[in-house]
Amino acid sequence: MAQTQDKATELVFYVNGRKVIEKNADPETLLLPYLRKELRFTGTKYGCGGGGCGACTVMISRYNPITKTIRHYPANACLVPICSLYGAAVTTVEGIGSTSTRIHPVQERIAKCHGTQCGFCSPGMVMSIYTLLRNNPEPSLAQLTDALSGNLCRCTGYRPIIDACKTFSKSTGCCQSKENGVCCLNGEINGLSEVDEGSETSPKLFSEKAFLPLDPTQELIFPPELMIIAEKQTKRTRVFHGERMTWISLVTLKELLEAKVSYPQAPIVMGNTSVGPEVKFKGIFHPVVLFADSIAELSAVRHGCNGLTIGAGLSLAQVQDILSDVIQKLPEEKTQTFQALLKHLKTLAGLQIRNMSTLGGHIMSRHLDSDLNPLLAVGNCTLNLLSKEGKRQIPLNEQFLRKCSDADLKSEEILISVNIPYSRKWEFVSAFRQAQRQQNALATVNAGMRVFFGEGEGIIRELSISYGGVGPTTVCAKNSCQKLLGRPWNEEMLDAACRLVLDEVSLPGSAPGGKVEFKRTLIISFLFKFYLEVAQSLKRMDPVHCPSLADKCESAFADLHSTCHQSVLKYQNVNPKQPPQDAIGHPIMHLSGIKHATGEAIYCDDMPVVDQELFLTFVTSSRAHAKIISIDVSEALSLPGVVDILTAEHLRDVNSFSLSAEPDTLLAADEVLCVGDLVCAVIAESEVQAKRAAKHVRIVYEDLEPLILTIEDAVRHNSFYEPEKKLEYGNVDEAFKEVDQILEGEIHMGGQEHFYMETQSMLVVPRGEDRETDVYVSTQFPRYTQAIVASVLKVPANKVMCHVRRVGGAFGGKLGKTGVLAAITAFAANKLGRAVRCILERGEDMLITGGRHPYLGKYKVGFMDDGRILALDVVHYSNGGSSLDESLLVLGMGILKLDNAYKFPNLRCRGRACRTNLPPNTSFRGFGFPQAGLITEACITEVAAKCGLSPEKVREVNMYKGIDQLPCRQEVDANNLIQCWRECMAMSSYTLRKAAVEKFNAENYWKKKGLAVVPLKYPNGLESKADCQGTALVHIYLDGSVLVAHGGIEMGQGVHTKMVQVVSRELKMPVSNINLRGTSTETVPNAFASVASQTADFNGFAVKDACQTLLKRLEPIISKNPEGTWKDWAQAAYNESISLSAVGHFRGYDLNMDWETGVGHPFEHFVYGAACSEVEIDCLTGDHKNVRTDIIMDVGHSLNPALDIGQIEGAFFQGMGLYTMEELKYSPQGVLYTRGPSQYKIPAICDVPRELHISFLPPSQNSNTLYSSKGLGEPGVFLGCSVFFAIWDAVRAARQERGLTGRFKLSSPLTPEKIRMACEDKFTKMIPRDAPGSYVPWNILV
């Protein structure tokens, strides 16, 4: 070993067919930064750094000289150490195709099927599909969607990505699950009639006929040199020495055992999916790492007489394939454990992690929520160990899982393989899990259960039950099982088992992870499911002696989730009289779609490194409310590469800036007001050095009182931002005297993280000359960034140029805080005279930036017995956080829109923005309406229940009709609202399906369906005329080509594409003739933020104005030569000294709002719509599945149906996440727990409804907007609450059947925890409950 280590080792691998030789490979370097910074393959993106989002997916290929096969698998580059890649071939998105060579069919189809919006996740999506196709050129749709289980998208809603996948699938896509006896692909499923033959809408957004064919023979070959190395080169241990770490790649078992003696504490790494995140997120450091990927003995599989022995080095994906194969070959009675393991493997993490993580690593990590360890423990599995001293075998039992010294591996031992026994006749094994999301989510609780009955007499001979997620590691209910031996399998045994297990598997009220009562309920709910599964199997095997299950129990078995996806899209056809070159109304692909899919689209952090560039990272407060006693930066400054550390003392008189009533502080000076407050900025030569130094900044705090975190805390301490917002209409107090009934209620709604795929990013380059500075930044509001940077640098705005090529998602989250971050970065750059880059990590971003405001709505409603609401008195409380930001604007907009689709003749609403010690919450798609609208709809639902009417009846009776007046006295024409409602009811076959849902619920006790229809009236407008301005610049060049610039920001919504379409119409030229670069304050000054679904409208009018100015100038030229080309006309104009450049301007709409009088005209137009959603819930686990959603939208005249449908369904998905899944968790000290995709779950591909139908209302009204189009980016978010109320309907059905007919409270998000606990039954009554105040909860409701 010593001799080997002395030799210099070269790292040899291939990237995109190119040989890479790294002579000084650093073991701490991961593939993602290496690809991006060293090789400049920037198509592979940083999204989270923990393998949870899939943005960094690449394909890794390895040749096996023994089997002579090549294994291609997807991997998260953010977790792959480069030292693990010796002899491997890496393929990135650039390696499969580009616009300069040829694009790959996967890239083409994702783009042309409109599967990209912001485009940041697209390269990862492409590589996941590509890798599957390399292994299987004709996959099923289920395999394709499984391939994307580890990829997240925040923009699209996944439907167009699935459409792209379907073009590669040779199977029908049928899930084989017949809904109501009808195939899922039949158009009449659930009573849906076929699309009318005479429909004026077009069903296809793309044509498959022109797609490039998939030709496997044209793929990049595996490098022959690597095959030769694997076949012929002498295998030897390779040692890589870094500055702090040594990496030893071992190739023989003997060497590995010797290394374990020499380095007993060194971890054995293969996939780096456990050690990697521990190093990154927990700060654990290993000076020596042993890599054992090439040792054949660790990948061996042996089929023995008593079971299967699987090598510890096999990946979980390989284990999955092995088990699938064995299950097909062996009789069912032998494969019970294998089937249970396979069930969990299908949902464990994403496919990338399953291909990297090994069986041995998963077992040895002994994570508390391991999906496999509970099953392996109950399955009597044993571990085969080896050391220099010899072989040893130990049981995988509770003692091993608890790391008891006498049951664990010795420091010099390694895990070679795992023995999994065959099951026996009369032995049954089951697996259960419940998580926040069905796939790629750590389990809240999971379980493995096994019972053996001997020779079928129904008496328990062996019983084993293990749980994950309910203790520091897997917990085995050993004592309970012992006491149940000898008992018959009946309900008396079940009752005793539940009580015994609850007593043994006890959870304290303050248990980490929270959800304590939910977890206790799942413990026995899973036990009940196991009881039923076994009873059903016993009945099948011995129908004479085993009693039948009650009919109501049958519904406990079925799986909610399916991989079948069907969509129907209906949009307006283009007028056949429209000129062919006029692109308006056509479903044109996103301008950057192909570049998104090839990785050629450049985002802020993709820009090349500037000479002498530095990196900046922030040190944030660890306290929510404290005085800063001292900041010691001496140790951090002494570290290698550290150039400077900025504090408030350096910024002094430029440490605050304001565009609103309250100034923003850049760096905390004397006091911190939330966890995540910016305290200082570390600037170093590299990102690694800056982040390492940040950990050595020592800050001493003194906690201050009061600590205000929740809305209730703020109300108690009268901690509010002023002024209070009020709106009143009619005479509320008098109306309450006239009504039949009065009801009071409240609903709480949690916040939401923006989770844009591209984190906050900026690069500031000081130009030196004339103190000019270029700021390249991912922002929605360049003007604000320019202003705050100019203020901090004490220069006029004309010295600061802010450039935005594109933004990788924003949703309102890249406004004020982005400007603050850019200003500090700019100060550092100008102080040091060097370019400075700042890219927030995902956890930093989530901690620092704030998100959607949590709300508490309290209402008092007066109504008649027929459901008509005559009086509504509402109070909205929002949790604004530690500084004002946009809280009052959000609150006010929510109040103006709270009526949604309903005419409340007498209305009073007051709103208070709470000042708390949380990071300041800010703008978010919908801007207050998703919260305000939910409060109103909850009130409607409660009124319906009180009146004994359906919510749809109460909604309909209270809806605006015809010409009416809003609470702010603005006129509204609600005819299209009523039409949307009626169309949605008809399109969704509501009446038929309501009856089918009721029939289903009557026949199924443990599963319930719910159906809800929610209308939408979304007013578009910004209250102020000044904020509605738009500016554009259009150049015509002498060759006839056109360049456009405008003030809007491209962040996925396709505004640049729409602007090119506007030019196409106005100048009557093809889209191919028009170019549009990024947005810059250099070309278009003073532009307002790209927000409020108005960007295309304002800037489109400006582009139109510029084009019309040019046409007016050129009219004499064109009239002289009407048959000429644009090249002819441009040259002729030039020859006559006519300017070919024009500025266009749109002055904005006449909007106003007087909050003193409550009167105004704050909106320009209204987007109407309706959504009907059907869900199915599992009453035992709280799981739910969106079965079908129908959406009808009044979009006016669509500028681009593909983009508009994308905005509607993307917003709907974000809303569905908001109302049912996305949950921010804060500690009682104000620390955000949910700082990445492993803790915070946004919808994934598994959450796509089985059926999704989107239809545009035929245009019937012309408006003052651009070509009578409507802004659609935000309205669809609210329609996600149709899923919330469908779940509410299902829960109500469950409660009614259980005799619970009174009022019940539900809050948003309606997570599995809340669904399960609302479906009260004997199990929820059986669990112990902790008295409030008797414990400190792990998290609090803010």
Side-chain angles (χ1 to χ4, degrees), residues 113-115 117 141 144-145 148 153 155-166 173-175 177 179 183-195 201-206 438 560-571 587 980 983-984 986-990 993 1009-1014 1016 1169-1176 1184-1193 1195 1201-1217 1219-1221 1243-1256 1272 1275-1284 1286:
C113 293
H114 313 288
Q117 285 188 25
L141 182 58
L144 281 157
T145 51
L148 295 174
C153 174
C155 297
T156 64
Y158 301 98
R159 189 274 313 159
I161 299 170
I162 292 173
D163 281 354
C165 288
K166 284 179 177 177
C174 177
C175 61
S177 170
E179 185 83 23
C183 171
C184 66
L185 297 178
N186 189 314
E188 297 188 5
I189 178 171
N190 287 326
L192 171 72
S193 57
E194 294 286 347
V195 177
T201 57
S202 175
K204 271 286 184 183
L205 289 170
F206 57 88
Q438 192 234 353
L560 285 185
H561 299 272
S562 79
T563 53
C564 165
H565 302 288
Q566 184 193 13
S567 58
V568 176
L569 310 173
K570 294 169 64 179
Y571 62 92
C980 281
E983 291 258 345
C984 187
M987 181 172 82
S988 64
S989 306
Y990 174 81
R993 286 172 57 216
K1009 285 190 175 183
L1011 190 65
V1013 188
V1014 174
L1016 166 74
C1172 175
S1173 287
E1174 178 184 341
V1175 302
E1176 186 178 339
H1184 87 270
K1185 176 63 184 175
N1186 187 0
V1187 176
R1188 172 175 161 181
T1189 290
D1190 296 83
I1191 297 173
I1192 178 86
M1193 289 289 270
V1195 303
L1203 297 180
D1204 288 344
I1205 286 174
Q1207 286 297 287
I1208 291 165
E1209 60 194 353
F1212 171 78
F1213 250 69
Q1214 205 167 65
M1216 194 171 76
Y1219 294 120
T1220 68
M1221 182 183 301
I1245 201 162
C1246 59
D1247 300 298
V1248 175
R1250 291 177 196 164
E1251 290 186 74
L1252 179 62
H1253 303 227
I1254 297 176
S1255 183
F1256 287 179
L1272 299 168
V1277 173
F1278 175 70
L1279 293 180
C1281 80
S1282 62
V1283 179
F1284 178 96

Worksheet item: When you look at K570 and H1253, which way does the side-chain contact (heavy atoms from CB on, under 4.5 Å) test go after all the steps?
Response: CA-CA 8 Å; K570 294 169 64 179; H1253 303 227; over 6 Å; no

Worksheet entry | Criterion side-chain contact (heavy atoms from CB on, under 4.5 Å) on I162 and S567, from CA distance to verdict | CA-CA 10 Å; I162 292 173; S567 58; over 6 Å; no

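The ring-ring contact (aromatic ring centres under 6.0 Å, His included) search around F1278 returns F929, not counting sequence neighbours. Partners of T1189 by side-chain hydrogen bond (donor to acceptor under 3.5 Å, both in side chains), not counting sequence neighbours, listed by chain and number: S1173, N1186.
Between L205 and D163 there is no side-chain heavy-atom pair separated by less than 4.5 Å. V1283 is listed as a side-chain neighbour of H1184, based on a closest heavy-atom distance under 4.5 Å. By the 4.5 Å heavy-atom criterion applied to side chains, P160 and E1209 are counted as neighbours. Using a 4.5 Å heavy-atom cutoff, the side chains of K1185 and Q438 are not in contact. Two residues are said to be in side-chain contact when any heavy atoms from C-beta on lie closer than 4.5 Å; R993 and D1190 meet this criterion. For the pair Q117/Q1207, a side-chain contact is recorded, criterion being any heavy-atom separation below 4.5 Å from C-beta on. Counting heavy atoms from C-beta on, the side chains of M1193 and D1204 never come closer than 4.5 Å. Looking only at side-chain heavy atoms (C-beta outward), I1205 and F1256 come within less than 4.5 Å of each other.
Rounding to the nearest 0.5 angstrom, the gap separating the CD atom in Q566 from the CD atom in E1251 is 5.0 Å. Note: L1279 CG to M1216 CE = 12.5 Å, rounded to the nearest 0.5 Å. Interatomic distance, CD1 of I1208 versus OH of Y571, reported as 13.0 Å (0.5 Å rounding). The distance from atom CD1 of I1191 to atom CG of L569, rounded to the nearest 0.5 Å, is 10.5 Å.
One N or O on the side chain of Y158 and one on the backbone of P1243 form a donor-acceptor pair closer than 3.5 Å.
The shortest non-hydrogen separation linking T156 to G115 is CG2-O, 3.7 Å. Shortest non-hydrogen contact noted between V1248 and G157 is CG2-O, 3.8 Å. In this structure, C1172 and C984 approach most closely via the heavy-atom pair N-SG, 3.7 Å. Shown here for S1282 and F1212, the closest heavy-atom pair between the two residues is OG-CE1, 3.9 Å. For C113 against A164, the heavy-atom pair with the smallest separation is SG-CA, 3.7 Å. The two residues V1195 and L1272 make their nearest non-hydrogen contact at CG1-CD1, 3.5 Å.
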